[in-house]
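All values below were derived from every heavy atom in this structure, side-chain atoms included, with hydrogens, water molecules and symmetry-related copies excluded. As the structure is a computational prediction, the values presented were derived from the model and not from experiment.
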Amino acid sequence: MPKNNGKWCHHILSFRDEWVAALPRALVSGFVKTDKDFHKIGKKSGTTVTFVIIEGWVITIASVGDSECIFDSANGGMYYLSADHRLDCNEEERERITASGGDIGRLNAGCGTEIGPLRCWPGGLCLSRSIGDRDVGEFIVPVPYIKQIKMSTAGGRLIISSDGVWDALSAEAALDCCRGMPPEAAAAQIVKEALQANGLRDDTTCIVIDILPQEKPAAPSPPPKKPVKYLLMSLFRKKPSESFSYKDKEYMEPDVVEELFEEGSALLSERLNTKYPLCNMFKLFMCAVCQIEMKPGEGSSVHAGTSSLVKVCPWDGPFLCSSCQEKKEAMEGKRPSDRHCIDSD
């Protein structure tokens, strides 16, 4: 065991805190890169995503589309951890799309009769965000809504479900119908309830995760009594300095749910910002999205061409390669999109 055990534990905890703090920016980069990879390999059909990372007591959720995630704390209280990107229920996203050059409307059944949900044209997608949909404009962005919470030490239950569940059940109904069940049975029960209520009209998938509190280690048994002569010697020995215990830290966490981070902007310049130290996030001459190495002077600042109240310079990082810079401009409506011009064969 190292002598400075407290210092080692402090460094471990500090590194974990930095890693958790860097996750929101890393997830934005990962989602955008995945969208580019979909197009590169010729995938035409896209997907919604609800991505969950559990690190210690911290839950990080990144989402695009209409699959949603809720958290039911064992201490009481329910938390919505994802955003609904359906155009019908998100006015801010509708305004962003129309400002970027997209058209929004319902299907025209003839004679002026409109049916179905609001959709974005070209393409007819009823969502404002997804990954990999090639037949819509670039203003259907893969930039995720991200939320981080720190659970209480009591733990709780996560429910992640596709829109087929949430179209049929409220969050409260989904939680109530499976209380007391183990996770696998709970997921099956939620799907069953959704099908009974609405039938099989859409993808109806559910994952349930129980995050249980750790059992505190049993108190150590008292040491055996020492003979009198050893007891007298021990009275004059120097007491060891008290060291920080990593296990003690685990049980000093707050007993309430704490919201750590929330951001839903669709702009890369706001999501790949410089609040977190760049040396820990990006190499200086590496694209912040696709991670390819660039020669000095090749990259463009993610802030280039943006209007911000905070003064930024063209040489302020992070930086994007030419391909990712073009994608950023297309997502913001500053460059014509060629997604909907791709041949259907």
Side-chain angles (χ1 to χ4, degrees), residues 9 12-27 30-31 48-84 144-166 169-194 204-218 245-264:
C9 292
I12 291 170
L13 290 169
S14 177
F15 174 78
R16 187 172 74 175
D17 290 344
E18 288 187 7
W19 186 81
V20 168
L23 276 177
R25 285 88 174 165
L27 286 167
F31 272 53
T48 66
V49 179
T50 300
F51 190 86
V52 178
I53 297 175
I54 303 171
E55 170 62 36
W57 295 111
V58 177
I59 305 175
T60 304
I61 302 91
S63 63
V64 292
D66 53 3
S67 297
E68 296 182 37
C69 177
I70 60 173
F71 176 66
D72 186 34
S73 174
N75 278 354
M78 184 187 67
Y79 298 82
Y80 291 91
L81 303 184
S82 56
D84 191 340
Y145 167 88
I146 294 179
K147 190 163 187 174
Q148 280 184 325
I149 64 167
K150 192 172 191 178
M151 297 175 284
S152 73
T153 52
R157 168 167 281 187
L158 273 175
I159 297 179
I160 311 163
S161 296
S162 59
D163 58 327
V165 168
W166 303 121
L169 302 177
S170 66
E172 293 81 2
L175 288 167
D176 290 342
C177 77
C178 65
R179 290 198 187 278
M181 296 182 179
E184 188 173 346
Q189 181 63 29
I190 290 171
V191 170
K192 180 180 177 182
E193 293 280 335
T204 308
T205 308
C206 181
I207 299 172
V208 174
I209 304 169
D210 284 345
I211 303 159
L212 305 175
Q214 296 177 345
E215 294 183 3
K216 293 187 178 181
S245 168
Y246 180 73
K247 287 186 176 180
D248 289 343
K249 169 70 176 177
E250 291 294 322
Y251 302 110
M252 290 166 58
E253 303 296 344
D255 282 329
V256 295
V257 174
E258 181 184 357
E259 296 190 11
L260 302 179
F261 180 90
E262 182 179 20
E263 180 59 73

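Taking every heavy atom of both residues into account, Leu81 and Lys147 meet most closely at O-CB, 3.9 Å. Closest of all the heavy-atom pairs between Glu68 and Ser82 is CA-OG, 3.1 Å. A pairwise comparison of heavy atoms in Ala187 and Cys206 identifies CB-O, 3.7 Å as the closest pair. Residues Ser152 and Val257 come closest through the heavy atom pair N-CG2, 4.1 Å. Of all heavy-atom pairs spanning Ser162 and Thr205, the tightest one is OG-N, 2.9 Å. For Ala74 against Ala154, the heavy-atom pair with the smallest separation is CB-O, 3.4 Å.
Taken to the nearest 0.5 Å, the OH atom of Tyr79 stands 12.5 Å off from the CD1 atom of Ile61. To the nearest 0.5 Å, atoms CD (Glu184) and CD1 (Ile209) are separated by 13.0 Å. To the nearest 0.5 Å, atoms CD1 (Ile70) and CE (Met78) are separated by 5.5 Å.
The main-chain N or O of Val191 is never found under 3.5 Å from a side-chain atom of Thr204 such that the two would form a donor-acceptor pair. A distance-only check finds a donor-acceptor pair linking the side chain of Thr50 to the backbone of Ser67 [under 3.5 Å]. With hydrogens and angles ignored, the 3.5 Å screen pairs no side-chain donor or acceptor of Trp57 with any backbone N or O of Thr153. Between the side chain of Gln148 and the backbone N or O of Val20, at least one donor-acceptor pair lies under 3.5 Å.
In the displayed structure, Phe51 atom CZ is contacted under 6.0 Å by at most 12 heavy atoms of other residues, nucleotides or ligands.
Two residues are said to be in side-chain contact when any heavy atoms from C-beta on lie closer than 4.5 Å; Cys69 and Phe71 fail this criterion. With contacts defined as side-chain heavy-atom distances shorter than 4.5 Å, the pair Asp163/Thr48 does not qualify.
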Asp66 and Trp166: CA distance, side-chain angles, deciding distance, side-chain contact (heavy atoms from CB on, under 4.5 Å) verdict = CA-CA 9 Å; Asp66 53 3; Trp166 303 121; over 6 Å; no

request  = Given side-chain contact (heavy atoms from CB on, under 4.5 Å), test Arg179 with Asp72 step by step and report yes or no.
outcome  = CA-CA 11 Å; Arg179 290 198 187 278; Asp72 186 34; 3.0 Å; yes

key: Verdict with reasoning, Leu260 to Thr60, per side-chain contact (heavy atoms from CB on, under 4.5 Å)   = CA-CA 9 Å; Leu260 302 179; Thr60 304; over 6 Å; no

